[in-house]
Amino acid sequence: MDFSSLNTTAEEAARRLLGCILERTINGHTVRCRIVETEAYDETDAASHSYKGRTPRTEIMFGPPGYLYVYFTYGMHYCSNVVVGPEGVGAAVLIRAVEPIGDNAESILEEQRQGKTGKDLTNGPAKLCQALRIDTALNSHNLQKAPLKLLLQKPVEMRDIVVTTRIGIRLARDMPWRFYLRGNPYVSKL
DNA sequence: AGCGGGATTTTCT
DNA sequence: GAAAATCCCGCTT
């Protein structure tokens with residue numbers, strides 16, 4: 001898979017990643033999900049972890065595109081990002097929601113999310129990490145390889161993308177850097 | 001449907 | 001020491 005189309009601005013990459021597939025292998029089972037909601041973060045953005053430059057945590061954001069950035073927050077949750085932009089630029093796209101695809105997907109994800117079903121399996125950045133069993137063990141993972149692959153798809157049409165402000169941040173609240181698939185039931189918030 | 005609080009620990013100042 | 005790219009539950013309308 002050629003990730004050169006992610007070698008661009010966080011905003012453009014966040015649009016590009018909508019509709020793309022995450023393929024996760026858990027205990028020999030392979031589950032596929034479509035990315036339906038993203039947010040862009042880059043080093044000019046006060047809300048971004050990379051805003052204050054390189055630190056041990058953010059180093060991965062400054063690397064080449066196509067790697068996974070996982071961070072831990074609120075004492076109990078993990079969130080997943082796809083590193084984007086050219087090497088040397090600290091940019092990433094937060095995966096905020098995904099939609100399970102195929103017959104086996106939901107039942108496998110339910111095993112990771114005690115008592116939750118349907119859209120509640122994956123309609124939030126920390127929920128989808130739990131459902132797909134993503135934690136800091138996968139930080140800096142190369143998304144070309146199992147057990148977690150990113151499969152790029154045909155770019156989604158502009159008219160099928162809704163653009164809004166981001167969720168859960170304090171700084172730079174007004175920037176329109178959240179993107180989701182119009183009408184998709186797995187989107188975390190309208 | 002909407003609001004408010006608590007959980008809990010990494011990260012950087 | 002404070003904040004954090006969140007989630008879940010319980011209470012009120």
Side-chain angles (χ1 to χ4, degrees), chain A residues 6 9-18 20 22 33 35-63 65 67-85 89-100 106 109-141 143 148 150 161-181 184-190:
Chain A
L6 301 179
T9 63
E11 182 177 349
E12 193 173 305
R15 293 174 175 277
R16 180 69 185 82
L17 285 169
L18 288 176
C20 295
L22 282 176
C33 293
I35 297 171
V36 303
E37 179 181 350
T38 59
E39 284 179 358
Y41 290 88
D42 76 50
E43 64 190 33
T44 69
D45 164 20
S48 173
H49 293 166
S50 58
Y51 182 61
K52 292 182 178 161
R54 294 175 187 249
T55 67
R57 178 173 69 154
T58 63
E59 184 63 29
I60 184 69
M61 288 182 72
F62 290 84
Y67 287 79
L68 190 70
Y69 167 44
V70 181
Y71 67 86
F72 181 72
T73 191
Y74 291 102
M76 72 186 76
H77 296 302
Y78 300 98
C79 293
S80 292
N81 301 253
V82 176
V83 174
V84 301
V89 173
V93 173
L94 173 68
I95 308 302
R96 283 199 56 90
V98 300
E99 172 180 8
E106 289 221 359
L109 299 185
E110 282 169 10
E111 291 175 24
Q112 322 300 319
R113 295 242 333 125
Q114 191 65 39
K116 298 298 194 290
T117 59
K119 69 184 178 176
D120 293 329
L121 289 170
T122 54
N123 63 345
K127 295 180 191 180
L128 70 91
C129 281
Q130 188 182 7
L132 293 172
R133 210 186 276 183
I134 295 171
D135 60 24
T136 47
L138 279 170
N139 189 37
S140 78
H141 171 74
L143 291 168
L148 182 60
L150 173 63
I161 299 176
V162 179
V163 184
T164 69
T165 54
R166 296 174 293 179
I167 293 187
I169 54 171
R170 188 169 54 89
L171 302 168
R173 277 209 180 105
D174 297 336
M175 307 313 297
W177 289 339
R178 171 173 177 251
F179 308 91
Y180 63 85
L181 294 183
N184 188 282
Y186 285 81
V187 169
S188 67
K189 278 188 137 130
L190 302 176

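Keep in mind that what you see is a predicted model, and the values were worked out from it rather than measured. Atoms considered below: every heavy atom in the structure, side chains included; atoms not considered: hydrogens, waters and symmetry mates. Chain letters run A, B, ... following the sequence lines, proteins first, then strands; residues in each count from 1.
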When the distance from CD of A:Gln114 to P of C:dC7 is rounded to whole Å, what number comes out? 18 Å
Looking only at side-chain N and O atoms, does A:Thr55 come under 4.0 Å of OP1 or OP2 in B:dC12? yes
A:Lys189 NZ to C:dC8 C1', in whole Å, measures 13 Å
Between the base of C:dA4 and the side chain of A:Tyr71, is there any donor-acceptor pair under 3.5 Å? no
Using a heavy-atom cut-off of under 4.0 Å over every strand shown, decide if A:Phe72 touches base, sugar-phosphate, or nothing. sugar-phosphate
Please tell me if A:Arg57 has a side-chain N or O lying less than 4.0 Å from either OP1 or OP2 of C:dA4. no
Minimum heavy-atom separation for A:Ala131 and A:Thr122, please, with both atom names. CB-CG2, 3.9 Å
Between C:dA5 atom P and A:Met76 atom CE, what is the distance in whole Å? 15 Å
For the pair made of NE2 in A:His77 and P in B:dT9, what is the distance, rounded to whole Å? 12 Å
Specify the separation, in whole Å, of atom CE of A:Met61 and atom P of B:dC12. 12 Å
For C:dA4, take OP1 and OP2 only and decide whether either is under 4.0 Å from a side-chain N or O of A:Arg170. yes
Rounding to a whole Å, what distance do you find between A:Asp135:CG and C:dT6:C1'? 16 Å
How long is the line joining CD1 of A:Ile134 and C1' of C:dA5, in whole Å? 15 Å
Closer than 4.0 Å, any side-chain N/O of A:Arg96 to the OP1 or OP2 of C:dT6? yes
What's A:Lys116 touching, base or sugar-phosphate or nothing? Going by heavy atoms closer than 4.0 Å. sugar-phosphate
So, for A:Ser50 and A:Asp42, which heavy atoms are closest and what is the spacing to 0.1 Å? OG-C, 3.6 Å
Base, sugar-phosphate or nothing for A:Arg178? Non-hydrogen atoms, less than 4.0 Å. nothing
Look at all strands and tell whether A:Ala47 reaches a base, only sugar-phosphate, or nothing, counting heavy atoms closer than 4.0 Å. base
Below 4.0 Å: OP1/OP2 of C:dA5 and any side-chain N or O of A:His49: yes
note: A:Ile95, atom CD1; C:dT6, atom C1'; distance rounded to Å ~ 16 Å
Please work out if A:Ile169 contacts a base, only the sugar-phosphate, or nothing of the nucleic acid, heavy-atom cut-off 4.0 Å. sugar-phosphate
Classify the ring geometry of A:Tyr71 against A:His49: parallel below 30°, tilted from 30° to 60°, perpendicular beyond 60°. perpendicular
When you check the phosphate oxygens OP1 and OP2 of C:dC8, does a side-chain N or O of A:Lys127 lie under 4.0 Å from one of them? yes
Under 3.5 Å donor-acceptor, A:Thr58 side chain and A:Met61 backbone: no
State the pairing partner of C:dA5; accept Watson-Crick or G-U wobble contacts with both distances under 3.5 Å, and report none otherwise. none
Strictly distance-based, threshold 3.5 Å: is any side-chain N or O of A:Arg54 a donor or acceptor partner for the main-chain N or O of A:Gly90? no
Scanning all shown strands, the Watson-Crick or wobble mate of B:dT8 with both distances under 3.5 Å is none
Against A:Leu68, only a single residue in A:Asn81, A:Ile134, A:Ile60, A:Leu22 fulfils side chain to side chain contact (heavy atoms under 4.5 Å, CB included); can you say which? A:Ile134
